[in-house]
Amino acid sequence: MISYNSNLFLIFIIFTTILCLPSSTYGIPTKYSSIMGPNLDKLPTQDKTIEIFQLWMKEHGRVYKDLDEMAKKFDIFISNLKYITETNAKRKSSNGFLLGLTNFTDWSSEEFQERYLHNIDMPTDIDTMKVNDVHLSSCSAPSSLDWRSKGVVSDIKDQKNCGSCWAFSAVGAIEGINAITTGKLINLSEQELLDCDPISGGCNSGWVNKAFDWVIRNKGVALDNDYPYTAEKGVCKASQIPNSAISSINTYHHVEQSDQGLLCAVAKQPVSVCLYAPQDFHHYSSGIYDGPNCPVNSKDTNHCVLIVGYDSVDGQDYWIVKNQWGTSWGMEGYMHIKRNTNKKYGVCAINSWAYNPVKYNGRKPNISSILDQQ
Ligand SMILES: *[C@@H]1O[C@H](CO)[C@@H](O)[C@H](O)[C@H]1NC(C)=O
Ligand SMILES: *[C@@H]1O[C@H](CO)[C@@H](O)[C@H](O)[C@H]1NC(C)=O
Ligand SMILES: *[C@@H]1O[C@H](CO)[C@@H](O)[C@H](O)[C@H]1NC(C)=O
């Protein structure tokens, strides 16, 4: 005997309305805000929740296979809506972050965690590896910087159902330094790293620094067009597929763990970072995320992304962060994370594992000067 959900009757209404009525014959509101308030901080009534769910399904092209699946998803949707509105109701400043309805609003936290967030055990032998702390805690960085406007940041990508954030983060940084040094922005292949890096765990997470090591050994990485993303670890085809002509890097640095160290690194190029993504990331919609649900003074991370710039609004300083969860997440795929908080590891450990790849740009490197830096 199938035990049906208590919302079954409501679900039946949604299901039949959607199946039987052409969408143009009834008025789905164009904005959730007309029901949930401009800051999405009011939990709608049950009737209105159905309206919101319909609107959301339409927006994201969601089709469920049967009533049972829809009933389960509707329940999850309601509990997410509750989390979203309660969190938004606590917002203190108009620049603070807002949660909203994303493509993931019918996923449970467990599903989201499973799909996107994997604890990354950072190497403990950090000092013995080819990881070089560069203590650049003073530099003359401009007061704001957005690498996107300089044409060195590729479009938002989607890691899909695979814990490959490490590969996207590494590739984003390599695309950046290559565009800066050669003037050409090209999409490079995350899939090649996924298939070929023998140390990182494919779709079960991995390490940005190990990805750079692999690219250095391989003398570059393939074009994304030549080696496209499949969201699954496959057989390494590096020997059959040529590297992009301009994708090589010479080395990489582990950025000093401080706000200022990270600033000096981002002033030079887009920087790869790993961080701790709490449940808020699931629903992040806009504004400056200040990490209320991140562990304090922790270096633990479960996600890697790319910092592509920084700015300030009303005295609040923030990083501009490129994610790879599609453009329907966050601000067209981007997020703002608070900086200059005087926490060594930064908000959500964003300062803890930052790496920048280095490219010598055709000049013969001055080895003694590089050694000095290391
Ligand atoms: C990267 O790939 C995306 C998706 O295929 C495409 O829209 C974009 O134009 C490409 N960017 C560059 C710089 O080639
Ligand atoms: C939204 O999620 C669905 C599955 O849950 C997926 O098939 C689709 O590609 C996602 N779309 C975007 C833009 O992320
Ligand atoms: C190489 O770097 C060292 C140390 O920074 C410096 O003393 C030396 O002048 C540099 N040599 C050249 C040829 O630039």
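Order of appearance sets the numbers: ligands from 1, and atoms from 1 within every ligand. All values below were derived from every heavy atom in this structure, side-chain atoms included, with hydrogens, water molecules and symmetry-related copies excluded.
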field: Nearest candidate to atom 2 (O) of ligand 1, where distance is taken over non-hydrogen atoms, out of N187, N225, D224
entry: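 The residue whose heavy atom sits nearest atom 2 (O) of ligand 1 is N187.
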field: S244 side, atom OG; D226 side, atom CG - distance, nearest 0.5 Å
entry: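 These two atoms lie 9.0 Å from each other.
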message: With rounding to the nearest 0.5 angstrom, report the OG to NZ distance, S248 to K219.
response: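 S248 OG to K219 NZ: 9.5 Å, rounded to 0.5 Å.
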- request: If you have a sec, work out which protein heavy atom is nearest atom 9 (O) of ligand 1 and how many Å separate them, to one decimal?
  value: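 Atom 9 (O) of ligand 1 sits closest to the protein heavy atom D155 OD2, 3.9 Å.
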query: With a cut-off of under 6.0 Å to the ring centre and 45° to the axis, is R115 in cation-pi contact with F104?
result: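 Cation-pi check for R115 and F104: fails.
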field: salt bridge (charged side-chain N to carboxylate O under 4.0 Å, His left out) partner of E175, the single match among K359, K184, K157
entry: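 Among the candidates, only K157 passes.
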- request: Verify the contact flag for atom 12 (C) of ligand 1, where contact means a protein heavy atom under 4.0 Å away.
  value: yes
message: Can you check atom 5 (O) of ligand 1: any protein non-hydrogen atom closer than 4.0 Å?
response: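 False for atom 5 (O) of ligand 1.
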